[in-house]
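All ligand and atom numbering here is 1-based and tracks the order in the structure.
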Amino acid sequence: MDERIVIVGAGQAGGELAAGLRKQGYAGRVVLLGDEPHPPYQRPPLSKGFLLGKAALTDLYLKPLATYERFDIELRLGTRVEAIDRSTCELALQDGSRLSYDKLVLATGGRARRLRLPGLESATLDNLFSVRSIADIEAMRAKFVAGNRLVLIGGGYVGLEVAAVAVQLGLRVTLLEAAPRLLARVTGPEVSSFVEQLHRERGVEFRLACEVQGLELDEARRQVRGVRVVRDGVPEQIDADLVLVGIGLVPNTELASGAGLAVDDGIVVDEYACTADPAILAIGDCANQPSAITGGRIRLESVPNAIEHARVAAATLMGKREPYAAIPWFWSDQYGLKLQMVGLSAGYDQCVTRGSAGGKEFSAFYLKDKRLLAADVVGRPAEFMAAKRLVASRAEVDVTRMGDAAVPLASLVA
Ligand code: FAD
């Protein structure tokens, strides 16, 4: 009988892996199980062109449905996996059936972190949203109309992208952030203020360093009417027609932990995407892997990571040993501007910037001991590519000329 690889999670990583196995010549059975009704799709447009109405549903699909048939990938949508039985190498599916595997890959992604506020647990609110799936966008679309007041809780990339779309659609937007600056977890203060200015100029209002204390509900407890916050000890209520919560992602690790696999902010895997069970791998947003850059462990949430992790897993499943070694990178689109980030800036001792916050081009370089750890680049794609190479090379650079935008980055290698 054919060997069977079962992939749980038909998202970016799962979809890439299924196709990658066929491209590498895997001849056994490939079963791709997903609990959403859609074939694997790109999530980035959810908070960009899809919400704006400029991308159609089928534009999001990674591959047309016919491709799965052509690749002989058994794609089973609307199929939720409830448990893994490692002793029999079987999965328990939500419909009560069981499915056996020879190799299992968990590509379960994550879910939007929920707002935890007293009294909220019992309420089902029609105008409180998060952004993770096509269904989330479809649920909120009718509220994205000019004049509506949107309160966004959380100033990360996804929240900021939604703010940009909302402004373009004519909504009035207030963004609440607990930290004293935007994107505090992922970038330096220079980029935070660039992004803040970008949004302020287009009318987004901010409440930074503010604590959300509660939601004001209507009598039927179906609608949020406002968000109660406190800033500098001063209480305020911000009226809302809709509220969007963007406070991060919780990795879907329950299948792994239920099966006794190690979980520590993600399913623990090695550099080949393997868990401690030789028959089980984990990839993408749900996996926590060793980082060749920091020497520690890391869980990444990005498309490039999902693609690279799927490539590593395909190699492992084909009997090759190709460790994950890619430098993390990410992008975000706001108001037609492309923000690109590469590397990990943690521990930098110097930040050099180019361009101006007022202009549409801006770069921030994070260095340690004159070596480029990371860069945030706005509107300069060629410079981003050069920064990517510099981060990967770990070469020492001439920092004195780095602030001059006219000097090509590549020429700075000492
Ligand atoms: P996912 O794509 O989340 O797929 C996991 C799938 O598994 C889901 O369909 C889930 O429902 C399913 N699943 C979970 N549990 C089960 C189960 N028990 N049984 C069956 N199925 C299950 N990244 C970038 O690089 N750039 C961007 O600009 C960017 N923008 C983004 C904007 C938004 C709004 C969002 C939500 C994400 C964005 N990302 C971006 C992140 C990127 O989309 C993710 O990192 C990527 O989708 C991760 O892929 P994944 O396959 O690991 O997880």
Practice task
With heavy atoms only and a cut-off of under 4.0 Å, state how D333 meets ligand 1: side chain, backbone, both or neither.
Solution key: neither

Completion exercise
shortest atom 42 (C) of ligand 1-to-protein heavy-atom contact is with V303 CG2, 3.9 Å

Exercise for the section: Run the contact test for K48 against ligand 1 with a 4.0 Å cut-off on heavy atoms, strictly below, and give the result. Expected result: yes

Problem - Verdict with supporting geometry, D2 and R29, salt bridge (charged side-chain N to carboxylate O under 4.0 Å, His left out) - result: CA-CA 6 Å; D2 275 351; R29 288 179 67 183; 6.0 Å; no

Exercise for the section: List every atom of ligand 1 that sits less than 4.0 Å from any heavy atom of L255, numbering the atoms from 1 in the order shown and giving each element. Expected result: 18 (N)

Handout entry: Steps toward ring pair (Phe, Tyr, Trp, His ring centres under 6.0 Å) verdict (F330, Y157)
Key = CA-CA 10 Å; F330 188 80; Y157 280 116; 5.5 Å; yes

Handout entry: NZ or CZ of R43 within 45° of Y41 ring axis and under 6.0 Å
Key = yes

Exercise for the section: State plainly whether the residues E361 and R354 are in salt-bridge range, i.e. N to O under 4.0 Å. Expected result: no

Handout entry: Salt bridge present between R149 and D241 (N-O < 4.0 angstrom)
Key = yes

Practice task
Ignoring hydrogens, just give me the one of G9, A107, G159 whose non-hydrogen atom is nearest atom 5 (C) of ligand 1.
Solution key: A107

Handout entry: Stacked cation flag R200 on F206, 6.0 angstrom / 45 deg
Key = no

Handout entry: Shortest protein heavy-atom distance from atom 9 (O) of ligand 1, along with the residue and atom involved
Key = E36 OE2, 2.6 Å

Problem - Nearest heavy atoms of N252 and C286, plus distance in Å - result: O-CB, 4.0 Å

Exercise for the section: Between V131 and ligand 1, find which residue part has any heavy-atom pair under 4.0 Å and reply side chain, backbone, both or neither. Expected result: both

Completion exercise
When distances are taken from atom 53 (O) of ligand 1, the protein heavy atom at minimum range is G109 CA, 3.3 Å

Exercise for the section: Using a strict 4.0 Å cut-off to heavy atoms of V8, name the atoms of ligand 1 that fall inside it. Expected result: 17 (C), 19 (N), 20 (C)

Handout entry: Where ligand 1 meets P304 - atom numbers and elements under 4.0 angstrom, heavy-atom basis
Key = 25 (O)

Practice task
Report the nearest protein non-hydrogen atom to atom 13 (N) of ligand 1: residue, atom name, distance rounded to 0.1 Å.
Solution key: D35 OD1, 3.5 Å

Exercise for the section: Show your working on salt bridge (charged side-chain N to carboxylate O under 4.0 Å, His left out) between R394 and D369 and close with a plain yes or no. Expected result: CA-CA 10 Å; R394 299 177 196 193; D369 301 330; over 6 Å; no

Practice task
Could you say whether the N/O atoms of A13 and ligand 1 ever approach to under 3.5 Å?
Solution key: yes

Handout entry: Distance-only donor-acceptor check, side chains Y366 and D349, under 3.5 Å
Key = no

Practice task
Identify the protein heavy atom lying closest to atom 39 (N) of ligand 1, giving its residue, its atom name and the separation to 0.1 Å.
Solution key: P44 CG, 4.2 Å

Handout entry: Side-chain donor/acceptor of R207 to backbone N/O of E177, under 3.5 Å
Key = no

Problem - Subset of ligand 1 atoms that lie under 4.0 Å from at least one heavy atom of G284 - result: 52 (O)

Fill in the blank from the handout: Residues E36 and L77: closest non-hydrogen pair is O-CB, 3.6 Å

Completion exercise
Counting heavy atoms under 4.0 Å, the part of W331 that contacts ligand 1 is both

Problem - Derivation of the side-chain hydrogen bond (donor to acceptor under 3.5 Å, both in side chains) call for Y61 and H38 - result: CA-CA 8 Å; Y61 293 170; H38 303 283; 3.0 Å; yes

Practice task
List the closest protein heavy-atom neighbour of atom 44 (C) of ligand 1: residue, atom name, distance to the nearest 0.1 Å.
Solution key: D285 OD2, 3.5 Å

Problem - Within-shell test, T79 vs ligand 1, heavy atom, strictly < 4.0 Å - result: yes

Handout entry: Numbered atoms and elements of ligand 1 in range of G11, under 4.0 angstrom, heavy atoms
Key = 2 (O), 4 (O), 6 (C), 51 (O)

Practice task
Answer with yes or no whether C286 contacts ligand 1, where contact means a heavy atom under 4.0 Å from a ligand atom.
Solution key: no

Handout entry: Top protein contact for atom 32 (C) of ligand 1, by heavy-atom distance
Key = S47 OG, 3.3 Å

Problem - Within-cut-off N or O pair, N252 and ligand 1, under 3.5 Å - result: no

Practice task
Give a yes or no on whether a salt bridge exists between R141 and E138, defined as a side-chain N under 4.0 angstrom from a carboxylate O.
Solution key: no

Exercise for the section: Say whether, by atom type as modelled, one donor and one acceptor occur between the side chain of S192 and the main chain of L182 under 3.5 angstrom. Expected result: yes

Exercise for the section: For ligand 1, find out whether one of its N or O atoms is nearer than 3.5 Å to an N or O atom of W329. Expected result: no

Exercise for the section: Say whether F330, considering both its backbone and side-chain N or O atoms, lies within less than 3.5 Å of an N or O atom on ligand 1. Expected result: no

Fill in the blank from the handout: Ranking E301, Q340, R80, H38 by closest non-hydrogen atom to atom 16 (C) of ligand 1, top hit is R80

Exercise for the section: Applying side-chain contact (heavy atoms from CB on, under 4.5 Å), run through V227 and V243 and close with a yes or a no. Expected result: CA-CA 8 Å; V227 182; V243 174; 3.8 Å; yes

Fill in the blank from the handout: min-distance protein heavy atom vs atom 43 (O) of ligand 1 -> R43 CB, 3.3 Å

Problem - Selection from L32, L339, V81, T108 by shortest heavy-atom distance to atom 18 (N) of ligand 1 - result: V81

